[in-house]
Amino acid sequence: MEPHRAVLLLILVSFVPRTIIADCSADRGDVEMHQEAKLHHDILQSYNTYRPVKDHKTTVTVKIRFALKYISFDPLEEIFTVHSWVAMTWKDEYLNWDPTCYDNIKELQIESHEIWTPRMSLFNADASMYPSDSIYTTCLLDSDGTVTCVPQVAHSGICRSSLRSWPYDIQNCTFYFGSWMHTGEQVNFTFYKNKPVVLDDYQNGPGWKLLNVTNDRLPGSYSCCPNSTYPMLKYTFMLKREAGGPAAIVVIPSVVIVLLTVISLLLDVKDCTRLFLLCFSLFSHFTFLSEIGYDIPKHSSDTPIILLFLRDSMVITLVGILLTLLLMSLRKRILPAPLWVVSMNRMITSGPGKYAVFTEFDPSESTDVKVLTEDSSSGNLDDKARITADWIQLANILNSFVFIVIFIIYFILICVYIPKDD
Ligand SMILES: *[C@@H]1O[C@H](CO)[C@@H](O)[C@H](O)[C@H]1NC(C)=O
Ligand SMILES: *[C@@H]1O[C@H](CO)[C@@H](O)[C@H](O)[C@H]1NC(C)=O
Ligand SMILES: *[C@@H]1O[C@H](CO)[C@@H](O)[C@H](O)[C@H]1NC(C)=O
Ligand SMILES: *[C@@H]1O[C@H](CO)[C@@H](O)[C@H](O)[C@H]1NC(C)=O
């Protein structure tokens, strides 16, 4: 038993290292690879990442499809960002194989950095954010050499905003894509024939709603270079502002303070209520103007019309305050009215003009004054009442006239300057 065991051990000890040596010395090149790895190895063996055509005059046609995921727009900085999956398909003349030689494998995954990929640049990119036009993803390779890559990309570009009808504005943002270094004869970017833009998984960004995306191919032929074209793919995104918030904060309150101004002009000037209301309205105008000032870009090319409306309304309110002060001083007059005032009053109140005078100010003085005047002689009292009546009639006529004018001006302003949601 003993010697047997020793022999067995010896055999084992001497055998084990030998197998290890055999493994180490194995030539890695001959390692058994499965067919997919072998195919990958074979097609990349002498691959060159230059433009993948056998004749340099051949065009590589790259088809593009955008699957939009998310859009954001910063109107203060005028930067528009589109997050999307960009499907690109082209034919690589060096990446085809015969499936029968490789166990009928018809498709292969390949890393984008191992092969040539088209460089699609955004021409109106925001240079501070734009990373690079090369893509990093895994692509799908077909046995006839068709390569499909779907990188996930965020493109940021400059988009001038026009704020005329703020907050019900619609912005058109346009992106221009093309090749930075190749002509259209070398790399031809085109759209997929069906569904060049896919919106299936799209979500709206904060504050904006995407209305429509249109795509267009600009051929890019210039008189300078008849033999070359510089085509561009143009995408126009139509965005609508979600106006609920700004409308609640600014548009509806603007209408309210306008109503306040108009109604104040119907009040009697006997006490100070009318003056207070008008001053409050003037103050509100300032507040809304500065509120809108926070919300909109300061350097936008056109002024929001609601801003012009508030500006004009502020001037009207100021006119209302000045009118009120004038009327208050008229009713305190103790000098008899000049003859032309009396005859004008009579002419207006006796003719059809009397229907236009609809404000009726209280001719009596406030109560304490009345108590005082009761002590005075009756003749004096009559005189005084007549004088006051003349002036108050003038005040009524003036107030009605100014009210009608202001009402018409506001009507025009509201029609022209209040932004509407279409
Ligand atoms: C946006 O484009 C549409 C359709 O092309 C056009 O009707 C609209 O006026 C444009 N809006 C702006 C603000 O340019
Ligand atoms: C590029 O593609 C467009 C549209 O598919 C086509 O009209 C144009 O002739 C192509 N240009 C070249 C140089 O092949
Ligand atoms: C987008 O706009 C184009 C051109 O203005 C129009 O033909 C198309 O019907 C619109 N699409 C949608 C979904 O509104
Ligand atoms: C364009 O091509 C034509 C013919 O191939 C050639 O005669 C002509 O000189 C070329 N023009 C330019 C500007 O290269």
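Owing to the predicted nature of the structure, the values given are computational and were not obtained by experimental measurement. Whatever order the structure lists them in is the order used to number ligands and atoms, beginning at 1. Just so it is clear, the values below take in all heavy atoms, side chains as well, and ignore hydrogens, waters and symmetry mates.
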Which parts of the protein, at residue level, reach under 4.0 Å of ligand 2 through a heavy atom?
-> Gly184, Glu185, Asn188, Thr190, Arg217
Atoms of ligand 1 under 4.0 Å from any heavy atom of Ile170, numbered from 1 in the order shown, are 13 (C)
Donor-acceptor list for residues 188-196 side chains, cut-off 3.5 Å, not counting sequence neighbours:
residue	atom	partner	partner atom	Å
Asn188	OD1	Arg217	NH2	2.4
Tyr192	OH	Thr89	OG1	2.5
Asn194	OD1	Arg65	NH2	3.4

Taking NZ, NE, NH1 and NH2 as the nitrogens, is one of them in Asp302 or Arg164 under 4.0 Å from a carboxylate oxygen of the other?
-> no
Output yes when Arg160 and Glu78 qualify as a salt bridge under the 4.0 Å nitrogen-oxygen rule, no when they do not.
-> yes
Counting only heavy atoms, which portion of Asp169 has something under 4.0 Å from ligand 1: side chain, backbone, both, or neither?
-> neither
Keeping to residues at least two apart or across chains, list the side chain to side chain donor-acceptor pair (under 3.5 Å) pairs with something in residues 346-357.
-> none
Think Lys69 forms a cation-pi with Trp85, using NZ or CZ under 6.0 Å from the six-ring centre and within 45 degrees of its axis?
-> yes
Going by the order shown, which atoms of ligand 1 are within less than 4.0 Å of some heavy atom of Met238?
-> 2 (O), 3 (C), 4 (C)
Contact check, side chains of Leu239 and Lys209, non-hydrogen atoms, under 4.5 Å | no
Nitrogen or oxygen atoms of Asn172 and ligand 1 under 3.5 Å apart = yes
Candidate pair Phe237 and Phe80, rule ring pair (Phe, Tyr, Trp, His ring centres under 6.0 Å), full reasoning | CA-CA 10 Å; Phe237 301 85; Phe80 178 57; 5.3 Å; yes
Please collect all side chain to side chain donor-acceptor pair (under 3.5 Å) contacts where either partner lies in residues 45-54, sequence neighbours excluded, each pair once.
-> Tyr47-Asp92
